[in-house]
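Working notes, beginning with the structure itself.
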Amino acid sequence: MKTLRLLLGDQLNSQHSWFDEVNPDVVYVMAEMRQETDYVKHHIQKVVAFFISMRNFSEELIKRGHQVIYYKISDVNNPQNLEQLILDLVEKNKIEQFEYQLPDEYRLDEQLKNICEKLSIPTKAVDSEHFYTSRNELAVFFKGKKQLLMESFYRMMRKKNDVLMVGDQPLDGKWNFDHNNRNQYKNEVPIPFPLEFHKNVSELVAEIEAKNITIFGSIDKENFNWPTSRNESLQLIDYFCKHLLEHFGAYQDSLFSEHKFLFHSRLSFAMNSKMIRPKEVVDTVISYYYQNQETIELAQVEGFVRQIIGWREYVRGIYWKEMPNYAQMNTLENYNPLPEFFWTGKTKMKCMQHSISQSLSEAYAHHIQRLMVIGNFSLLTQLHPDEVDAWYLGVYIDAIEWVEMPNTRGMSQYADGGIVATKPYVSSGSYINKMSNYCGSCHYKVKDKLGEKACPFNSLYWHFLDEKKQHFANNQRMSMMLALLRKMKPEELAATKKKAISILEDMENL
């Protein structure tokens with residue numbers, strides 16, 4: 001039976017069982033499409049990373065003897081649309097069966113179901129064989145429970161997969177070392193240079209530009225620095241273990257202006273494109289830890305493992321449990337537009353200037369920059385979650401909707417009303433000052449609430465709490481902050497709110 005198998009741009013798993021045998025009756029199709037570049041405005045590095053990774057993957061399959069039909073973005077016969085692509089290939093090649101791996105984005109899942117309904121041949125969907133969990137495993141785990149606590153899901157995952165366990169108990173008797181992961185980096189230990197790949201992608205960039213695709217951000221075309229093959233991804237894991245893991249956990253929440261990556265692994269794109277599996281990353285890191293316990297503490301490793309088998313699998317489960325309604329949630333009723341400096345990085349706020357500029361130049365920011373700087377500002381200024389979602393989805397190289405949306409609309413913007421986060425992740429300037437070295441060189445004064453040079457986060461924080469207090473009236477985790485709000489003298493609160501309103505009315509000049 002002549003079979004056509006579709007491979008999407010984030011399904012670059014060379015270890016998938018599809019590829020165990022070479023079958024002359026199976027044809028694989030991969031395509032760079034305007035459908036995927038245009039549904040949201042993307043960072044140029046994100047488009048390049050996916051296209052070059054797809055090309056490398058198709059070449060690997062061909063070398064292994066598989067038949068691959070590949071459409072480049074520049075090919076004149078590229079239909080640029082998934083439905084047209086499949087319908088044309090089925091007819092042209094007299095295909096008798098169509099198969100695909102379950103996609104990880106809801107819109108593609110729906111589109112492929114619709115395409116299959118239009119085909120007159122048998123169709124089949126198989127698992128991508130990437131994640132620890134199935135799509136619906138989280139929904140089953142939390143069935144009948146009021147709160148979807150990540151910690152309880154994480155402990156189940158540790159037990160189920162026997163990760164850092166001794167029998168049914170956690171290694172060293174502790175599940176979570178989160179309190180050990182909150183150090184501010186102060187140059188105590190040297191940060192190694194990041195592993196760099198230095199690839200020339202000038203020709204690909206020219207192809208993208210020739211198609212007039214709307215992109216943003218910058219790229220060093222002669223020194224593209226992201227992994228775009230399984231081999232490079234494995235090099236990155238090895239480098240992380242040998243040079244970064246020793247201090248990862250301690251400084252994973254730290255913000256430091258002189259170093260873009262600190263001790264972070266930069267493995268998220270490799271995992272989200274499926275060039276490497278989360279299990280092999282976790283197994284490699286844990287194996288290295290057991291061989292180097294004299295230099296690496298468990299807290300460093302657990303913090304990393306928690307991000308992958310806990311948080312990463314958790315947000316995917318939330319996505320499939322709550323979609324499609326999740327994409328429209330705006331519980332806090334925030335409607336302000338995104339300021340222009342999100343596209344330029346030009347603002348006097350040092351923390352925002354640094355985090356946004358880095359996002360635009362690297363297509364990357366680590367989780368605290370995303371959550372407690374840019375996300376914090378977005379929530380305090382009551383930006384529309386649709387606009388925040390679109391920006392995060394476009395700017396970050398690792399942003400695929402299943403992982404981006406629960407992190408942004410849920411964890412960061414609390415637009416889901418508490419499905420993901422038990423409280424909104426907002427703070428005044430004090431948190432940023434505690435975790436970073438940004439504030440010392442900032443135009444604004446982090447300790448001032450009022451005045452021309454007062455840190456905008458300070459008045460915005462109290463204004464936000466006052467404006468949204470009805471939403472948090474029954475939230476136990478917000479009770480202390482609301483109690484402090486109630487204790488503020490009326491004239492102090494009025495002055496603080498006046499300051500905040502003036503900021504909101506003139507955000508473009510911050």
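Looking only at atom types and distance, the side chain of His367 has a donor-acceptor partner in the side chain of Asp253 under 3.5 Å away. For the 3.5 Å distance criterion, the side chains of Gln353 and Thr347 fail to qualify, holding no donor opposite an acceptor. In this structure, a donor-acceptor pair under 3.5 Å is absent between the side chains of Glu232 and Asn56. Checked by atom type, the side-chain pair Glu196/Asn223 shows no donor-acceptor distance below 3.5 Å. Side chains of Asn376 and Ser427: a donor on one and an acceptor on the other come within 3.5 Å. Asp109 and Trp320 are not linked by any side-chain donor-acceptor pair at a separation below 3.5 angstrom, with hydrogens and angles left out of the test. Side-chain atoms of Asn334 and His384 form no donor-acceptor pair, as typed in the model, at a separation below 3.5 Å. Asn437 and Ser257 form a side-chain donor-acceptor contact under 3.5 Å, judged by distance and modelled atom types alone.
Expressed to the nearest 0.5 Å, how far CG of Leu460 lies from SG of Cys455 amounts to 8.5 Å. One finds the CD atom of Glu188 at 6.5 Å from the OH atom of Tyr185 (value rounded to the nearest 0.5 Å). Taken to the nearest 0.5 Å, the CD atom of Gln369 stands 10.0 Å off from the OG atom of Ser254. Between the NZ atom in Lys199 and the CD atom in Glu222 there is a gap of 15.0 Å [rounded to 0.5 Å]. A distance of 8.5 Å separates CG in Leu245 from CG in Asn292, rounded to the nearest 0.5 Å. Here the CE atom belonging to Met150 is positioned 6.0 Å from the CH2 atom belonging to Trp311, to the nearest 0.5 angstrom.
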Practice task
Quick one: do Phe304 and Leu267 satisfy side-chain contact (heavy atoms from CB on, under 4.5 Å)? Show the steps, please.
Solution key: CA-CA 11 Å; Phe304 182 80; Leu267 283 164; 4.2 Å; yes
Practice task
Please step through side-chain hydrogen bond (donor to acceptor under 3.5 Å, both in side chains) for the pair Glu246 and Thr295, ending with a clear verdict.
Solution key: CA-CA 7 Å; Glu246 182 180 355; Thr295 57; 5.2 Å; no
Problem - Residues Tyr396, Ser359; criterion side-chain contact (heavy atoms from CB on, under 4.5 Å); working and verdict - result: CA-CA 7 Å; Tyr396 293 121; Ser359 301; 2.8 Å; yes
Practice task
Let me see the working for Thr37 and Phe51 under side-chain contact (heavy atoms from CB on, under 4.5 Å), right down to the final yes or no.
Solution key: CA-CA 10 Å; Thr37 60; Phe51 285 2; 3.7 Å; yes
Practice task
List the steps, then state whether side-chain hydrogen bond (donor to acceptor under 3.5 Å, both in side chains) holds for Thr331 with Tyr414.
Solution key: CA-CA 8 Å; Thr331 301; Tyr414 203 77; over 6 Å; no
Exercise for the section: Could you check Glu105 against Tyr319 for side-chain hydrogen bond (donor to acceptor under 3.5 Å, both in side chains), going step by step and ending with a plain yes or no? Expected result: CA-CA 9 Å; Glu105 290 202 358; Tyr319 178 81; 5.6 Å; no
Exercise for the section: Give the intermediate values and the outcome of side-chain contact (heavy atoms from CB on, under 4.5 Å) for residues Arg277 and Met271. Expected result: CA-CA 6 Å; Arg277 291 173 170 174; Met271 282 195 289; over 6 Å; no
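The environment of NZ in Lys469 is sparse: at most 12 heavy-atom neighbours from other residues, nucleotides or ligands sit within 6.0 Å. In this structure, Gln476 places its CD atom where only 12 or fewer heavy-atom neighbours from other residues, nucleotides or ligands lie under 6.0 Å away. The number of heavy-atom neighbours closer than 6.0 Å to CD of Gln470, taken from other residues, nucleotides and ligands shown, is above 12. Residue-environment remark: NZ (Lys145) exceeds the threshold of 12 foreign heavy atoms within 6.0 Å. Remark: Lys445 NZ is loosely packed, at most 12 non-hydrogen atoms of other residues, nucleotides or ligands lying under 6.0 Å away. Atom NZ of Lys348 has more than 12 heavy atoms from other residues, nucleotides or ligands within 6.0 Å. Atom NZ of Lys497 has more than 12 neighbouring heavy atoms from other residues, nucleotides or ligands inside a 6.0 Å radius. Counting non-hydrogen atoms of other residues, nucleotides and ligands closer than 6.0 Å to NZ of Lys174 gives a total above 12.
Contact check for Leu262 versus Phe256: side-chain heavy atoms found under the 4.5 Å cut-off.
Note on Glu32 versus Arg55: salt bridge recorded, some NZ/NE/NH1/NH2 to OD/OE distance being below 4.0 Å. By the 4.0 Å N-to-carboxylate-O rule, Glu207 lies too far from Lys211 to be salt-bridged with it. Salt-bridge check for Asp398 with Lys274: failed, with every basic side-chain N at 4.0 Å or more from each acidic carboxylate O.
Using a 30° and 60° split on the angle between ring planes, His354 and Tyr438 fall in the tilted class, from 30° to 60°. Using the six-membered ring where Trp is involved, Trp226 and Phe269 have ring planes that are perpendicular, over 60° apart on the 30 and 60° scheme. Ring-plane geometry between Tyr364 and Phe261 is classed as tilted, the angle between the planes lying from 30 to 60 degrees on a 0 to 90 degree scale.
Between the side chain of Asn176 and the backbone N or O of Glu151 there is no donor-acceptor pair closer than 3.5 Å. One N or O on the side chain of Glu313 and one on the backbone of Tyr132 form a donor-acceptor pair closer than 3.5 Å. With hydrogens and angles disregarded, a donor-acceptor distance shorter than 3.5 Å links the side chain of Tyr314 to the backbone of Leu148. Between the Asn200 side chain and the Ser202 main chain, a donor and an acceptor come within less than 3.5 Å of each other.
For the side chain to side chain donor-acceptor pair (under 3.5 Å) with Arg409, the lone residue among Asp386, Asn330, Asp416 that qualifies is Asp386. A side chain to side chain contact (heavy atoms under 4.5 Å, CB included) with Glu404 is found for exactly one of Val40, Leu393, Asn272, namely Leu393. The residue from Lys260, Gln45, His43 that alone fulfils the side chain to side chain donor-acceptor pair (under 3.5 Å) condition with Glu362 is Lys260.
When all heavy atoms of Phe472 and Leu482 are compared, the pair lying nearest together is O-CD1, 3.5 Å. Residues Ser430 and Val446 share a closest heavy-atom pair of N-CG2, 4.3 Å.
A centroid separation of less than 6.0 Å is found between the aromatic rings of Phe342 and Trp391. Taking the six-membered ring wherever Trp is involved, the centroid distance between the rings of Phe377 and Phe341 falls below 6.0 Å. Here Phe248 and Phe240 bring their ring centres to under 6.0 angstrom of each other.
Judged by the 6.0 Å and 45° rule, Arg316 forms a cation-pi pair with Phe131.
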